[in-house]
Amino acid sequence: MAEAQPHRSDEGGRRAQHLTLRDGTVMAYRDLGQGPALVLVHGWAASSEFFDTIADRLADEHRVLVPDLRGHGETPAGAGAASIADLADDMNEFLTALGLDRVVMLGWSMGATVLWSMIERHGPDRLAGMVIEDMSPRILNDESWALGMSSGMDVEASVRATAAMRADWPAYAAAFAPRMFARDRAAREPQIVADALTLLTARNADAMADLWASMAQQDLRASLPGMAIPALIAFGERSDAYGPETSRYLVETLPAATAHGFAHSGHAPHLEQPEEFVDAVKSFARQALAQATSKQTIEGSIS
């Protein structure tokens, strides 16, 4: 197994860095600011660049780390078909290699699936809290589960979507991009859709199809009750991806969760209402870190 060692490739303000993972894949990430660590994990077909609207604002209180997941941005997919488990193991390796503890992690969309899978596979000990942005623990719907993707995504629809990705990724991305945002915003601000589409189109069709297929196989519902760390459920009240009932389910199922709805946002509140989103994350992080410090103090006095 390759030793994971971070090295800096740019001494500029964003401190572009790279981490060689266990299989030799080189993960790119951004490193901003100083203070308690805050790790932002992007969604499917996105990249670290999708957090540009909030990273600098968060960096006035935090050390903000923003990786490109496998197959996204500047990080290659690696050999073979990447899976959610691979991404989860990558993130655990990332935290370990950088010596990060008492971390607040934010997972947007698939990034939340990666975060939950990381906790399921490696435990929550390094985390002070988690922010879940507009995601379900199971994206596929069936007769017993209706809190997956709002578009009626079931097994058959997922198979069709995967085939469409492989057949014509630019066309699939063009159809997908507007659904990231509240419908009125997408119509009123076409540039926000165009900017997202430019980044989405750069992805590799097979890598995206592989990860979509893996994400569609995930069912993390049984693991959520054991994730007893503070959680903020951030959701867009106008999301075309998941309804507000999905966020209510998460608040009811996770042991220490609260919700914050963004009235004018769709699937990407951090892009659509960045100032309110940053305020909510900062407030949550302060509380989560205070609880982690208090818990550590109590455990230290007992030992």
Side-chain angles (χ1 to χ4, degrees), residues 16 18-19 21 23-30 39-55 65-91 94 106-115 117 133-135 139-140 149 151 153 157-181 186 190-218 239-241 266-268 270-272:
H18 296 83
L19 180 70
L21 298 171
D23 65 345
T25 299
V26 178
M27 172 185 280
Y29 67 98
R30 305 186 190 194
V39 179
L40 311 181
V41 187
H42 64 75
W44 175 80
S47 68
S48 59
E49 292 174 280
F50 277 77
F51 288 121
D52 283 355
T53 53
I54 63 169
L65 298 128
V66 197
D68 282 332
L69 299 175
R70 283 180 189 255
H72 297 80
E74 298 180 11
T75 302
S83 67
I84 295 297
D86 292 325
L87 303 188
D89 291 348
D90 290 347
M91 289 313 306
F94 180 81
L106 183 155
W108 169 42
S109 192
M110 185 191 73
T113 302
V114 172
L115 174 53
S117 181
E133 185 181 359
D134 211 54
M135 192 50 177
I139 69 169
L140 298 187
M149 293 194 75
S151 58
M153 184 64 67
S158 179
V159 171
R160 290 194 299 271
T162 305
M165 294 169 203
R166 295 190 194 277
D168 191 343
W169 173 252
Y172 191 91
F176 172 72
R179 297 191 65 245
M180 294 173 60
F181 307 101
Q191 191 60 47
I192 196 174
V193 178
D195 290 343
L197 180 57
T198 297
L199 297 173
L200 292 173
T201 304
R203 303 287 84 82
N204 175 270
D206 288 332
M208 293 306 97
D210 290 339
L211 282 169
W212 177 276
S214 179
M215 180 168 58
Q217 294 172 0
Q218 305 303 306
S239 176
D240 270 351
H267 185 51
H270 72 277
L271 291 171
E272 299 171 87

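What you are looking at is a predicted structure, and each value in this text was computed from that prediction instead of being measured. As a basis for the values below, the full set of heavy atoms in this structure was taken, side chains included, without hydrogen atoms, waters or symmetry mates.
- Salt-bridge formation is detected for the pair R166/D210: a Lys NZ or Arg NE/NH1/NH2 atom is positioned less than 4.0 Å from an Asp or Glu carboxylate oxygen.
- Contact annotation: the side chain of L115 never approaches that of M91 to less than 4.5 Å [non-hydrogen atoms, C-beta and beyond].
- From L140, atom CG reaches atom CD of Q218 across 10.0 Å, with rounding to the nearest 0.5 Å.
- Smallest separation of non-hydrogen atoms from R30 and S48: NE-OG, 3.3 Å.
- T75 has its side chain out of reach of D90: every pair of non-hydrogen atoms, C-beta onward, lies at least 4.5 Å apart.
- Judged by distance alone, the side chains of T198 and D195 never bring a donor and an acceptor atom under 3.5 Å apart.
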For L271 and F181, run side-chain contact (heavy atoms from CB on, under 4.5 Å): C-alpha distance rounded to whole Å, both residues' side-chain angles, the deciding distance at 0.1 Å, then the answer.
CA-CA 9 Å; L271 291 171; F181 307 101; 3.9 Å; yes

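- Contact of the W169 side chain with the R203 side chain is registered, since non-hydrogen atoms from C-beta on lie closer than 4.5 Å.
- Not counting sequence neighbours, the partners of S239 by the side chain to side chain contact (heavy atoms under 4.5 Å, CB included) test are D134, A241, H267.
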Would you please test M110 and V41 for side-chain contact (heavy atoms from CB on, under 4.5 Å) and show each step?
CA-CA 8 Å; M110 185 191 73; V41 187; over 6 Å; no

I would like to know whether L40 and V66 meet side-chain contact (heavy atoms from CB on, under 4.5 Å); could you show each step before the answer?
CA-CA 5 Å; L40 311 181; V66 197; 4.0 Å; yes

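- Rounded to the nearest 0.5 angstrom, L199 CG and H72 NE2 are separated by 12.0 Å.
- A salt bridge is defined here as a Lys NZ or Arg NE, NH1 or NH2 lying under 4.0 Å from an Asp or Glu carboxylate O, and R70 with D23 meets this definition.
- The CG atom of L87 sits 13.5 Å away from the CZ atom of F94 when rounded to the nearest 0.5 Å.
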Evaluate the side-chain contact (heavy atoms from CB on, under 4.5 Å) criterion for residues F50 and L200: first the C-alpha distance (whole Å), next the side-chain angles of each, then the deciding distance (0.1 Å), finally the verdict.
CA-CA 10 Å; F50 277 77; L200 292 173; 4.1 Å; yes

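- No side-chain heavy atom of E133 sits under 4.5 Å from any side-chain heavy atom of S109.
- Of all heavy-atom pairs between T25 and G78, the closest is OG1-CA, 3.6 Å.
- For the pair V26 and L21, the minimum side-chain heavy-atom distance is 4.5 Å or more.
- The heavy-atom pair separating H270 from T53 by the smallest distance is O-OG1, 3.3 Å.
- Closest of all the heavy-atom pairs between E272 and M180 is OE2-O, 3.7 Å.
- When all heavy atoms are compared, the tightest approach of S117 to A85 is OG-CA, 4.4 Å.
- Distance OG1/T113 to CD1/I139: 7.5 Å, rounded to 0.5 Å.
- Closest approach of P67 and H42 over heavy atoms only: O-CD2, 3.3 Å.
- Between F51 and W108, the ring planes lie perpendicular to each other; the angle is over 60°, past the 30° to 60° tilted range.
- Between W44 and W212, the angle of the ring planes goes over 60°, which puts this pair in the perpendicular group of the 30/60° scheme.
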